[in-house]
Every structure is written in structure tokens, then in C-alpha cells.
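Protein chains get the first letters and strands the later ones, always in sequence-line order, with residue 1 at the start of each.
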Protein chains: 2
Amino acid sequence: MTNPLVMFLSRRDDLSTDEIAALDALTLNSQDYAAGTAMIRQGDRPTSSILVLEGLAARAHYLADGKRMISALHVPGDYVDLHSLLLDQMDHDVTALTDCRVALTAHPEVRRVTERLPHLGRLLWLATTIDAAMHRAWIVALGRMSPLSHMAHFLCEMYIRLDIVGLAKDYSYRLAITQIDLADMLGLSVVHVNRTLQDLRATGMVSWVGSTVSIKDWDGLRELAQFEDAYLNLNKRAR
Amino acid sequence: MTNPLVMFLSRRDDLSTDEIAALDALTLNSQDYAAGTAMIRQGDRPTSSILVLEGLAARAHYLADGKRMISALHVPGDYVDLHSLLLDQMDHDVTALTDCRVALTAHPEVRRVTERLPHLGRLLWLATTIDAAMHRAWIVALGRMSPLSHMAHFLCEMYIRLDIVGLAKDYSYRLAITQIDLADMLGLSVVHVNRTLQDLRATGMVSWVGSTVSIKDWDGLRELAQFEDAYLNLNKRAR
DNA sequence: CGTAAGCTTGAATAAAATCAAGCTTTGTGG
DNA sequence: CCACAAAGCTTGATTTTATTCAAGCTTACG
């Protein structure tokens with residue numbers, strides 16, 4: 001079983017054997033979380049960093065009136081709180097949307113690796129800046145795209161991200177999330193998500209049956225979503 | 001004149017004299033941009049990083065139909081493209097919303113500093129993770145807050161961020177942006193921004209006359225906005 | 001086989017965008 | 001110093017979009 005973090009990073013730059021060994025060492029302790037449980041809670045001060053190995057995790061923010069917003073969806077190979085190495089305190093929850101297997105690494109060990117292997121440290125920094133770039137893409141979609149285009153954009157992004165870590169095949173991937181989760185990612189009501197999803201299906205560009213998404217017309221979906229993958233930094237180059 | 005980046009970072013951790021000297025060296029070459037001009041364009045591959053010294057800069061994304069969305073507003077002390085050190089290509093513009101003075105530092109020089117002073121390197125990493133945290137706060141506001149609360153949240157955030165770099169006094173600060181800019185940050189139409197602004201003024205919590213914002217009732221505004229400053233990492237501690 | 005949880009539908013209501021003016025301020029040139 | 005653009009701000013009316021409310025339906029699973 002390949003380390004998804006290695007897949008994520010080696011898509012962006014070449015890794016030395018030394019660096020790969022260091023990454024593998026970071027993913028030794030694994031732990032499971034059942035769907036619906038919180039890995040990290042608002043207010044926590046984590047002392048280790050969590051890397052998703054299997055499953056889907058979400059950053060969930062709760063408002064005073066009980067509303068929930070999901071600001072990011074994390075797939076295998078994503079560090080959900082690498083930045084907790086630097087940050088004070090979590091201002092949101094990280095929740096397992098599906099059953100998850102994660103790797104835990106104590107912060108001092110992460111720090112040691114970044115100091116011993118500065119190039120690898122830069123790549124971990126890169127991973128957090130890609131997170132920020134994804135956040136910006138979500139902001140644009142939330143602020144200025146129609147629900148239909150927004151949903152298409154989301155499905156395009158998920159396809160690319162899952163493909164990178166080997167979890168997509170023939171433009172199909174598993175996405176075991178509910179319409180409630182989707183509503184909290186798109187900033188819409190569940191009813192509207194349901195109707196928008198029907199509109200999207202009606203275009204024939206996507207089928208989403210059970211938990212399997214199949215993109216039937218990638219070019220059409222890309223255009224509908226105005227999806228440009230530049231923000232995901234998919235080119236392999238020295239960083 | 002104090003270096004705003006030093007103010008930004010030393011609010012979060014103690015800086016050694018060596019580190020302060022290195023930061024000052026990074027801000028030697030300054031350059032001006034008139035309001036409305038682009039510092040960086042989508043598609044650019046910058047070879048130096050830009051730090052805002054004076055003025056306000058925005059990350060602007062343009063959609064096919066001409067719509068604009070602003071995903072971040074940058075104030076003095078903010079690096080607008082520190083990550084371009086790591087990233088491929090800009091996927092958006094950075095525009096001067098007001099007249100700006102910025103500092104330019106060639107990437108190799110930035111990289112050299114981060115390798116020579118790893119702690120300072122971590123603080124620059126921290127700066128980019130704070131950017132990501134602000135993005136998440138904007139996502140939550142866009143997705144699940146009323147326009148009124150969203151606007152209140154924005155004004156709270158601006159107050160704190162400007163205060164840190166010495167640009168706020170007595171809960172007042174200059175914010176020389178148009179309602180068009182504001183609309184593109186909140187994801188609303190200009191007409192609706194105008195009406196929401198009137199509602200906000202009517203609460204008496206804020207006055208915004210000309211380009212001066214004065215918060216009359218900080219606690220009230222904070223509550224309306226559900227503003228929690230944890231995401232800005234204002235505590236000074238070893239990172 | 002029964003029961004949640006999640007999905008779907010229709011109708012009513014609320015929120016926001018759009019359209020189309022008019023108004024105000026600011027800066028500029030005669 | 002005044003006139004006059006141009007940019008930005010404000011307003012009312014209308015249309016579109018999305019939410020809310022209230023059911024009924026479907027599916028997975030113990």
C-alpha cells in the first residue's frame with residue numbers, strides 16, 4: 001500500500017529516497033475514527049499532526065444558531081492539521097465524514113524532519129499553501145458562482161485530488177457524503193442542493209449513484225465549472 | 001518608521017535581533033503601485049515576493065462572464081505572494097485597491113533566509129497559515145452568515161489586523177475601499193451591500209464616513225459577527 | 001420487518017439580484 | 001473659481017433565486 005502523502009508530494013516535485021523514508025516514518029502510528037466522530041475539536045491544542053490515510057474528513061465550523069459550515073474536505077494524503085504545528089489553538093472541528101484511518105505524528109518529530117531535510121520542509125509548506133489555494137477557489141465559488149457551477153467545480157476538484165492519490169479511475173470515484181454535508185460545503189440549504197443535483201444530473205455530464213460519482217463529460221463539466229486546475233499546482237518542478 | 005512585518009510577526013512570537021535584521025534586509029527595495037493597478041497578474045510566475053508596506057491590496061479572481069471576486073484583502077505587514085516562492089503560477093491577480101508601497105525580495109534571498117534562520121522560516125510559514133485561517137473564516141461567513149453579520153465580521157477582522165500593525169486608534173481606522181470592492185469581497189450585489197451598510201449603520205455600532213471606520217460598540221459588533229479572534233493567532237508564544 | 005437516516009417533492013415565504021434612475025462627491029480643466 | 005464629468009452612492013420597483021415548511025418516499029440495516 002503506497003503512502004498517499006508520498007503520492008501527493010511526488011506529483012509536485014521529485015523526492016529523494018531519504019525524503020521518502022522520512023515521510024514513511026511519519027506515518028507509522030495509525031488510528032481509526034468512525035464516520036461522524038471528531039478527530040480534533042475546536043479549542044484543542046493538538047500536540048501531533050494528523051494525516052488522512054483513508055476516508056474523508058471535513059473542517060467543520062459551528063455557528064451560534066447551530067448552523068454548520070464545512071470549509072474544507074480532506075482526502076487521503078492530506079494533512080488536516082499540519083499547521084497546528086505552528087498555530088495556537090484549533091478554531092474549528094475536524095470530523096470524519098466517512099470511516100477514516102489516519103496517521104499521527106508528534107509535533108517535535110515533524111519539526112525535526114523539516115529542519116533536517118529543508119527541501120522536504122518546503123514541500124510540507126507547499127502542502128499548506130495548496131490548502132490555502134483551495135480555500136480561495138472555494139471562496140470564489142461561494143461568492144460568485146451559481147449553485148450549479150459551484151457543484152460542478154466541487155466535483156472537478158474532487159476528481160483531480162482523488163486521482164492524484166490513486167483513488168479515481170475512468171473519471172469515476174467514490175464520494176460517500178450526504179447531501180447535508182454537501183449543503184454545508186456549498187453554503188446552501190439541503191432542499192436546494194437536492195434540486196441543483198437533479199439539474200446537474202439532467203445535463204448528463206455527471207452521474208452520482210449511491211456513493212459513486214462518474215463524470216461522463218469532463219470537458220463539459222470543466223466548462224460549466226470554469227474549472228482551471230492551476231491552483232492545485234500539478235506540475236512537477238524543483239521547489 | 002517601523003517595519004510592519006516585524007510588527008506582524010513579533011505579535012505572535014519573540015524575534016531575535018538577528019531575525020529582525022534579516023527581515024529589515026528583506027524590505028530594502030520598495031516600489032509604488034497606484035490605486036487600481038495590478039501588482040501581479042494571473043498566469044505570472046513571480047521571481048520575487050511582495051510585502052505590503054502601505055495601502056491595501058486585494059486578491060482578485062475574474063470569471064468568464066466578467067464577474068469579480070476578491071478572496072483576500074491585504075494590509076501592511078502582509079506578504080501577498082510569499083507562497084509564490086513555492087507555487088507554480090499565479091491563478092489570480094493581486095491589485096492595489098488604494099495607492100500602495102510594497103517591498104520586493106527575490107525568491108532565492110527569501111529561501112536563503114529561511115534556511116539560515118529556521119525559526120524565522122517557521123514564522124513565515126506561520127504567516128501563510130494565518131492567511132489560510134482567514135480564508136476559512138471568510139468561507140464560513142460567505143456560506144452561513146447573513147450579509148449583516150458578514151459585514152460586521154469583516155469590519156472586526158480589519159480592526160484587529162490593522163491594529164496589530166499600528167494602523168488603528170480608538171477603534172477607528174482608515175478603510176479607503178468602495179462599495180463595489182466590498183460587494184466583491186462579500187459575494188453580494190452593490191445594491192445589497194449599500195442597503196446592508198445602512199442597516200449596519202442603523203444599529204449604531206459602526207460609523208463609516210468617507211474612508212474612516214469607527215467602531216462605536218465593539219462588544220455588540222463582535223456578537224453580531226460572532227467574531228472570535230482565535231483564528232488570527234494573536235498569542236505570543238514560541239513557535 | 002420496522003425504523004432511522006437520508007432523499008425528494010410541492011407550496012409558501014423570504015432574501016437577494018437586477019433594472020433603471022437620480023443623487024452626491026470628487027477631481028479636473030477652462 | 002466655477003462647470004462639468006466621472007465615479008461612486010442611494011433609492012424604488014420588479015424579477016429571480018433560495019429558504020423554509022411540511023410531507024411523503026426510499027433505502028440500508030439491525
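Distance CD1/A:Ile139 to CZ/A:Arg144: 13.0 Å, rounded to 0.5 Å. Rounding to the nearest 0.5 Å places CD1 of A:Ile50 at 13.0 Å from CG of A:Asp78.
A salt bridge is absent between B:Asp217 and B:Arg222: the closest approach of a Lys/Arg side-chain nitrogen to an acidic carboxylate oxygen does not fall below 4.0 angstrom. In summary, A:Arg161 and A:Asp229 do not engage in a salt bridge, as defined by a charged side-chain N under 4.0 Å from a carboxylate O.
In this structure, B:His150 atom NE2 and C:dA16 atom P are separated by 12 Å, rounded to whole Å. Here C:dA16 presents its P atom at 12 Å from CG of B:Leu186, a figure rounded to the nearest Å.
The backbone N or O of B:Leu87 sits nowhere less than 3.5 Å from a side-chain atom of B:Ser84 that would complete a donor-acceptor pair. In terms of modelled atom types and a separation under 3.5 Å, the side chain of B:Asn233 and the main chain of A:Asp88 share a donor-acceptor contact. The closest donor-acceptor contact from the side chain of A:Thr2 to the backbone of A:Pro4 lies at 3.5 Å or more, if one exists at all.
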For each nucleotide in nucleotides 6-19 of chain D, reading 5' to 3', give B when a protein heavy atom comes within less than 4.0 Å of its base, S when such contact involves only the sugar-phosphate, and - otherwise. --SSBBBB----SS

Taking distance alone, no hydrogens or angles, what donor-acceptor pairs closer than 3.5 Å link side-chain atoms of residues 129-136 of chain A to residues at least two apart or in another chain?
{"unit_1": "A:Thr129", "atom_1": "OG1", "unit_2": "A:Leu126", "atom_2": "O", "d": "2.8"}
{"unit_1": "A:His135", "atom_1": "NE2", "unit_2": "B:Arg136", "atom_2": "NH1", "d": "3.2"}
{"unit_1": "A:Arg136", "atom_1": "NH1", "unit_2": "B:His135", "atom_2": "NE2", "d": "3.2"}

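Annotation: the terminal axes of the helix from C:dC1-D:dG30 to C:dG30-D:dC1 meet at 40°, where each axis is the rotation carrying the C1' atoms of four end pairs onto the next four (5 pairs per end, rounded to 10°).
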